[in-house]
Amino acid sequence: MTTPRLLVLGTGGTIAGAGSKATGAAYRPGDLALAELIAAAAALDLGAELIGQDIARIGSQDIGFAEWRALHAACTAALADPAISGVIITHGTDTAEETGFLLDLTLPTTKPVVLVGAMRPADAVGADGMRNFANTVKVASDPAAAGRGVMLVMGDAVLAASDARKAATSSIDAFRSFPRAALARVTPARLDWFGPAHRMGEGARYPFPSALPRVAILTAGAGMDARPVEALLGIGAKGIVLAGMGQGNAPKVVIAALAKAAAAGVPVVRSSRVDEGLVDRNVEVDDDALGFIAARALGPAKARILLMVLIACGITAPDAVQAAFDRA
Ligand code: GLU
């Protein structure tokens, strides 16, 4: 069997983070060069050839359109290159779900594309980065990883990027998956998939946008009024994602202001500020009458990514937007 050749795209984050003290809390994400991570991984003899390419060296709270466009271009080139068998993206965990989902929506599923991060900096006692990275090399080297969409490897689990979310601020078991559980369990020694690839042969669902429209997340809180909605429309929001209470609820005055926005052609997606669960149509809010879209399984951060992509593609009619959320 030939050795798989993997492209490793570095963006920074804690996996490339270093602190001044192995037992301290403070550190700088993205401080270490990707080449150092690759050299350390090469010493472990992980059974793959690793080719590094720096995209950025930042904390992922600062990631945005320029880095996403560069990542998409590098992934597209790697997918077309017969010498490359898979792509690994090292990434901060704060926004890994957003980057992963955007790439999932805009790349074909022909080869594995796998994000990986860490919760503890590389020089911390009990660092998790190299284990996560070794696990990711195992996943990206496996031909059976193709056809599953973009994935995220953290905490010995392989999650679909469309399902993954960060649910803990500092635990090394920080990610959860909804509506599906993990696609596989992985250690440096073993990889066990729980089912067949379900997206084999799928092309990109959407073209990568040439620009991203302003889409805002509005978090509902008890006793709030409608002025935040008016403020968002005032700064030119092209779409609004409500991070509502429960199944995407908000006070009556807020719902009324959002209905006015929807009537004016600004898509309004109702998601939930609750950590997990579906937001379905017409439960307590009459989406049919008010022109809203229900986010279904997507939380606010991922709902915003999908809505930005849809608006960039000219898809703004509530029925068409709802169909895209139903499919996500
Ligand atoms: N905030 C930084 C980031 O997301 C560090 C957190 C992390 O990587 O876990 O890049």
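Throughout, residue positions are numbered sequentially from 1 according to the sequence presented. Each ligand, and each atom within it, is numbered from 1 in the order the structure gives. Keep in mind it's a predicted model, so treat the numbers as computed, not measured.
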Sub-4.0 Å heavy-atom environment of ligand 1, residues by chain: G13, T14, Y27, G59, S60, Q61, G92, T93, D94, A118
Let me know which of K302, R205, R199 forms a salt bridge (charged side-chain N to carboxylate O under 4.0 Å, His left out) with D104. R199
Linking Ile, Leu, Val, Met, Phe, Trp and Tyr by side-chain heavy atoms under 4.5 Å, what else ends up with V229? L218, M224, L232, L233, I235, I240, L242, V253, V254, I255, L258, V266, V268, V285, L290, F292
Test side chain to side chain contact (heavy atoms under 4.5 Å, CB included) applied to T93 and F175, step by step: CA-CA 9 Å; T93 59; F175 279 79; 3.8 Å; yes
Has the side chain of R270 got a donor or acceptor atom that lies under 3.5 Å from a matching backbone atom of Q247? yes
Side-chain donor-acceptor pairs under 3.5 Å in residues 61-74, sequence neighbours left out?
unit_1: E67; atom_1: OE1; unit_2: G64; atom_2: N; d: 2.9
unit_1: W68; atom_1: NE1; unit_2: T99; atom_2: OG1; d: 2.8
unit_1: H72; atom_1: NE2; unit_2: T106; atom_2: O; d: 2.8

With salt bridge (Lys or Arg N to Asp or Glu O under 4.0 Å) as the rule and sequence neighbours excluded, what pairs involving residues 227-237 come up? D225-R227
